[in-house]
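Working notes for the structure below.
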Amino acid sequence: MKMVINAASAKMGGNLNYVTQVLRHLASMMKEAQECIVFLPPATADHVGPLPQNIRVMPVQAEEWSLLRRMVWEQITLRRFVKAEKADALFSTGSFGMFWCPVRQLLLVRNALYFSASYETQFLKRHGLGYRLAFWLRRLLILRSVRTADIVMTPTQAMMSALRSRVDVPPETGVVNSYGAPLQETERRGIERSDYAASQSVRREVRLLFVSLYSEHKNLGTLLKAVALLNRANPGRFVLDTTADPQWEGAQWTVTHAEDSALVGETEIHPRVNILGPLDRDRTRDLYRNADIFVFPSLVESFGFPLVEAMAWGLPIVAADTPVNREVCGEVAVYFNALSPEELASQVQRVSADRSLQEKLGTSGRRRAHDHFRWGDHVRTLLEGAFPFERQAAANRLAKESLAER
């Protein structure tokens, strides 16, 4: 049985995290008779490290292509490859799929912006006509991809509901398949974080953390304003560390980078905010280990990797009150009106002042990460969707063995 994975756009952020984790778990879960061929950007191919012989990596520079060139590659070149390899399934990870795919196709729809009324209202209308036309074209292509896929996966029920508001996804086709948490990473260093937190329990400074690539819907401005309010009421007490950099070169397309950059430079904000930009995994893990409270102001997500990472690290979470954030965190976070710096500051102040609440959120968060977000479960669902006949054959064998025993 052979599966082709199209992850040609998995260059950074959540895309890179997703593909890296899936391949690492596929390496341990695939049977010898199963084969996987993965298309990745060259840098990502280097990042995932050594893989077993039945997982073959094909570097492709698609992240630098225009939309038209990418469509030609996905609809023509990749189609020919799938046929030539006599693949049994195609897994498309980037929301865009192959039309009239010659084999069984699984499609992961992971970009929530195209189905968010909030994004259209607050940000899309501020962009120029060219950007808006490209946005609408991409949404049409995603909807077309959904209609032709055999299995459509989203990481949350909220994302599936948003998708279904635009296109019919039958119950037998739609699959909600949650992502996993980095449990092994946090288990190795969980004691370090506990020791660190205990040693800092009497300190005056409170370290807030927001991990994300910068984008307009990440709502950094609300967080920066909240930092100013917190330190106005408690001079010098709150420090924000964030990887969301409005001056990062990849942020120049946004309509908010200039105003957020101006906020960072304000005298009551600048000394209390560390803008770190994109970091590697080791440095990001150190941020989680050294933080006191994780803050997640993002307005639009399909899942939110940093939320489950923060839960796995045992951090108390203050999150924007959105359906996805509520679904992922449940009762292990406190929430605030996403556009209210005042409410965000109030909730951070509440958590920072209540040691028992911090411990309750941290402990229940770690438990939730372990119970609900496992990469092994995600990959198992993926393999069952790609090779359903193999699963049915196994069920038939078990049934025959049971009858024989009787």
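We use all heavy atoms of the structure for the numbers below, so side chains are in, but hydrogens, waters and symmetry mates are not. For this chain, numbers begin at 1 and follow the sequence in order. What you see is a predicted model, and the numbers here were worked out from it, not measured in a lab.
Put simply, the side chain of Thr20 never gets that close to the backbone of Asn17: no donor and acceptor are under 3.5 Å apart. A donor-acceptor pair under 3.5 Å is formed between the side chain of Asn6 and the backbone N or O of Ala8. Using modelled atom types, one side-chain atom of His257 and one backbone atom of Thr254 make a donor-acceptor pair closer than 3.5 Å. With hydrogens and angles disregarded, no donor-acceptor distance shorter than 3.5 Å links the side chain of Glu85 to the backbone of Arg80. Here the side chain of Gln358 pairs a donor or acceptor atom with the backbone of Ser352 at under 3.5 angstrom. Distance alone, capped at 3.5 Å, places no donor-acceptor pair between the Arg374 side chain and the Gly180 backbone. When atom types are taken as modelled, the side chain of Glu216 and the backbone of Val255 share a donor-acceptor pair closer than 3.5 angstrom.
Atoms OG1 and CG, on Thr93 and Leu107 in that order, are 9.0 Å from each other to the nearest 0.5 Å. Atom CD1 of residue Ile5 and atom CZ of residue Arg56 lie 12.5 Å apart, to the nearest 0.5 angstrom. Residue Asp245 holds its CG atom at 11.5 Å from OG of Ser212, rounded to the nearest 0.5 Å. Taken to the nearest 0.5 Å, the CG atom of Leu279 stands 9.5 Å off from the CG atom of Asp286.
Few gaps surround CD on Gln157; more than 12 heavy atoms of other groups in view lie less than 6.0 Å from it. Atom CZ of Arg144 sits in a crowded spot, with more than 12 heavy atoms from other residues, nucleotides or ligands closer than 6.0 Å.
A salt bridge (Lys or Arg N to Asp or Glu O under 4.0 Å) check over residues 332-343, counting only residues at least two apart or in different chains, returns nothing. Pairs passing the ring pair (Phe, Tyr, Trp, His ring centres under 6.0 Å) check and including a residue from residues 89-113, sequence neighbours excluded, do not occur. Counting only residues at least two apart or on different chains, the ring pair (Phe, Tyr, Trp, His ring centres under 6.0 Å) pairs with a member in residues 134-154 are Tyr114-Phe135, Tyr119-Phe135. Within the structure, salt bridge (Lys or Arg N to Asp or Glu O under 4.0 Å) contacts touching residues 118-134 (residues at least two apart or in different chains) are Glu120-Arg139, Glu120-Arg166, Arg126-Glu259. The ring pair (Phe, Tyr, Trp, His ring centres under 6.0 Å) contacts involving residues 314-361 comprise nothing, where partners must be two or more places apart or lie in separate chains. Screening residues 52-79 for ring pair (Phe, Tyr, Trp, His ring centres under 6.0 Å) gives Phe39-Trp73, Trp65-Trp73 as the qualifying pairs, with residues at least two apart or on separate chains. The salt bridge (Lys or Arg N to Asp or Glu O under 4.0 Å) contacts involving residues 89-101 comprise nothing, where partners must be two or more places apart or lie in separate chains.
Partner of Glu309 under the salt bridge (Lys or Arg N to Asp or Glu O under 4.0 Å) criterion, chosen from Arg285, Arg281, Arg289: Arg281.
A salt bridge links Asp321 to Arg326: one of the charged nitrogens lies within less than 4.0 Å of a carboxylate oxygen. The residues Glu301 and Lys218 are annotated as salt-bridged, a charged nitrogen and a carboxylate oxygen being separated by less than 4.0 angstrom. A salt bridge is absent between Arg237 and Glu205; no separation between the charged side-chain nitrogens and carboxylate oxygens falls under 4.0 Å. Salt-bridge annotation for Asp377 and Arg380: present, with a side-chain N of the basic residue lying under 4.0 Å from a carboxylate O of the acidic one.
The side-chain hydrogen bond (donor to acceptor under 3.5 Å, both in side chains) check on His25 picks up nothing, with sequence neighbours excluded. Contacts of Ser356 classified as side-chain hydrogen bond (donor to acceptor under 3.5 Å, both in side chains), with partners at least two apart in sequence or in another chain: Asp354. For Lys225, the side-chain hydrogen bond (donor to acceptor under 3.5 Å, both in side chains) test picks out no residue, with sequence neighbours left out. Looking at residues two or more places apart in sequence or on another chain, you find no side-chain hydrogen bond (donor to acceptor under 3.5 Å, both in side chains) involving His270. For the ring-ring contact (aromatic ring centres under 6.0 Å, His included) test, residues two or more places apart in sequence or in another chain that qualify with His378 are Tyr18, Tyr179, Trp375.
Ring orientation note: the planes of Phe303 and Phe373 are nearly perpendicular, at an angle over 60° on the 30°/60° scale.
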Check the pair Val295 / Leu223 against side chain to side chain contact (heavy atoms under 4.5 Å, CB included), numbers first and verdict last.
-> CA-CA 8 Å; Val295 186; Leu223 177 53; 3.7 Å; yes
Test side chain to side chain donor-acceptor pair (under 3.5 Å) applied to Gln105 and Ser92, step by step = CA-CA 7 Å; Gln105 181 174 203; Ser92 299; 3.1 Å; yes
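For Asp260 and Gln247, the side-chain atoms include no donor-acceptor pair closer than 3.5 Å.
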